[in-house]
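What follows is one structure encoded as structure tokens, with my remarks underneath.
Since this is a predicted model, take the numbers as computed values, not measurements.
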Amino acid sequence: MGLGGCIILIAVGAILTFATDWDMQGVNLDLVGVIFMIVGLIGVATFSSIARRRRVVVPPATPVVDDTRPHHRDGYSDGYGV
């Protein structure tokens with residue numbers, strides 16, 4: 001179950017708990033809604049912890065060149081005036 005499924009479970013649970021006043025014999029819809037919300041929150045927590053572990057930092061494929069030499073231009077060494 002992905003992140004979208006968890007969010008849908010939370011939304012359906014909230015609708016069953018807070019937005020309906022249906023009465024079914026033998027079924028407490030408020031409790032079912034709370035259970036859906038709890039399962040959705042557990043799914044979001046599990047998904048986020050697994051997604052955090054999957055992130056891998058890949059080093060750059062090309063070498064990084066650190067050119068910190070001072071550039072000195074005197075007018076003669078760059079090819080002009082020879």
Side-chain angles (χ1 to χ4, degrees):
M1 177 169 51
L3 186 62
C6 296
I7 292 173
I8 289 173
L9 273 178
I10 294 170
V12 168
I15 290 170
L16 286 176
T17 302
F18 303 117
T20 60
D21 58 353
W22 299 331
D23 290 324
M24 293 178 66
Q25 187 175 353
V27 177
N28 186 353
L29 288 180
D30 291 338
L31 182 62
V32 171
V34 170
I35 291 171
F36 279 177
M37 287 190 287
I38 291 171
V39 170
L41 288 174
I42 291 171
V44 167
T46 304
F47 181 81
S48 65
S49 68
I50 290 173
R52 187 177 326 132
R53 260 189 269 147
R54 284 187 187 173
R55 290 187 198 143
V56 177
V57 178
V58 178
T62 59
V64 178
V65 177
D66 185 22
D67 190 16
T68 57
R69 295 181 296 148
H71 296 286
H72 180 66
R73 293 180 55 124
D74 59 1
Y76 295 104
S77 62
D78 58 356
Y80 297 107
V82 176

Minimum-distance pair of heavy atoms, taken over all atoms of Cys6 and Gly40 = CB-O, 3.6 Å
Hey, could you give me the OG1/CD1 distance between Thr20 and Ile15, rounded to the nearest 0.5 Å?
-> 9.0 Å
Interatomic distance, Phe47 atom CZ to Ile7 atom CD1 [nearest 0.5 angstrom] | 9.0 Å
Could you list the donor-acceptor pairs under 3.5 angstrom formed by side chains in residues 23-35, with sequence neighbours left out?
{"from": "Asn28", "atom 1": "OD1", "to": "Asp30", "atom 2": "N", "distance (Å)": "3.2"}

Name all residues meeting the side chain to side chain contact (heavy atoms under 4.5 Å, CB included) criterion together with Ala45; count only those two or more places apart in sequence or in a different chain, and write none if there are none.
-> none
